[in-house]
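Source: prediction; values computed, not measured.
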Amino acid sequence: QVQLEESGGGSVQSGGSLRLSCVASSYTWSRYCIAWFRQTPEKERERVAVIDDDNTTDYADSVKGRFTISQDNAKFTTYLQMNKLKPEDTATYFCAANLRKFDIDRGYYCSGDTEHWGQGTRVTVSS
């Protein structure tokens, strides 16, 4: 099981930017892909971005064009660059390590089976 450490949350004004970091500290890191989720008390958990080891990415429609996920494999670190932040982006953001699986049609892909969650980092965007 991979272990994760998050950082980068904070409070910004609408239109501002933040960069979240997720560092994996386990030697099994290469068995996982990293996803970012966000959650509020009044909304269901939402996956906002995911990245696999070949740097393929996917984004929720709500953040496309504003958020960018990237990784530095040598540092075992995944980043979420958040630009043009809006008040509706306010949430607790979680880093998650999901198992990479194989499918004959898709090859290896990032599954929805989460092995480990980070503790979460709060992002507050004021208007």
Side-chain angles (χ1 to χ4, degrees):
Q1 187 173 16
V2 68
Q3 295 174 289
L4 307 175
E5 185 71 25
E6 299 163 300
S7 62
S11 299
V12 298
Q13 293 182 335
S14 180
S17 299
L18 286 172
R19 189 180 76 164
L20 308 183
S21 298
C22 176
V23 180
S25 57
S26 172
Y27 68 91
T28 61
W29 174 85
S30 62
R31 293 163 51 186
Y32 305 92
C33 52
I34 303 299
W36 286 97
F37 294 79
R38 65 185 181 186
Q39 189 171 27
T40 66
E42 53 277 337
K43 295 182 178 180
E44 295 182 353
R45 184 181 63 196
E46 177 187 29
R47 193 180 77 176
V48 300
V50 62
I51 188 167
D52 209 340
D53 60 350
D54 62 354
N55 286 323
T56 57
T57 59
D58 191 32
Y59 298 92
D61 289 340
S62 57
V63 305
K64 285 182 178 178
R66 300 187 298 116
F67 290 11
T68 302
I69 188 171
S70 62
Q71 62 189 357
D72 186 336
N73 291 338
K75 298 180 179 179
F76 302 156
T77 302
T78 304
Y79 305 98
L80 185 67
Q81 178 67 45
M82 304 184 294
N83 298 327
K84 301 178 180 179
L85 284 164
K86 305 175 181 179
E88 52 262 43
D89 295 319
T90 296
T92 300
Y93 285 73
F94 296 89
C95 172
N98 288 9
L99 287 172
R100 294 171 57 238
K101 297 183 177 180
F102 181 82
D103 182 88
I104 190 66
D105 295 321
R106 293 184 283 177
Y108 285 96
Y109 68 99
C110 186
S111 75
D113 296 335
T114 299
E115 285 280 324
H116 188 77
W117 294 90
Q119 295 299 307
T121 183
R122 294 183 178 181
V123 172
T124 302
V125 185
S126 61
S127 59

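With Gln71 as reference, Asn55 is the one residue of Asp52, Asn55, Thr77 to meet the side-chain hydrogen bond (donor to acceptor under 3.5 Å, both in side chains) rule. Of the options Ile69, Leu20, Asp72, a side chain to side chain contact (heavy atoms under 4.5 Å, CB included) to Tyr79 is made by Asp72 and by none of the others.
Relative orientation of the Phe94 and Trp117 rings is perpendicular, given thresholds of 30° and 60° on the angle between their planes.
Both Tyr59 and Leu18 belong to a common hydrophobic cluster when Ile, Leu, Val, Met, Phe, Trp and Tyr are linked at side-chain heavy-atom distances under 4.5 angstrom.
Separation of atoms NE2 (His116) and CD1 (Ile34) is listed at 10.0 Å; rounding is to 0.5 Å.
Within the 3.5 Å criterion, the main-chain N or O of Val125 finds a donor-acceptor partner in the side chain of Thr90. Under the 3.5 Å distance criterion, the side-chain polar atoms of Arg100 are left unmatched by any main-chain donor or acceptor of Tyr108. A distance-only check finds a donor-acceptor pair linking the side chain of Glu6 to the backbone of Gln119 [under 3.5 Å]. At distances below 3.5 Å, not a single donor-acceptor pair connects side-chain atoms of Glu115 with backbone N or O atoms of Tyr32. Between the side chain of Glu46 and the main chain of Arg38, no donor-acceptor pair closer than 3.5 Å is present. Between the side chain of Gln3 and the backbone N or O of Val23 there is no donor-acceptor pair closer than 3.5 Å.
For residues 9-22, the side-chain hydrogen bond (donor to acceptor under 3.5 Å, both in side chains) pairs, not counting sequence neighbours, are Ser17-Asn83.
Remark: Arg47 engages no residue in a side-chain hydrogen bond (donor to acceptor under 3.5 Å, both in side chains) (not counting sequence neighbours).
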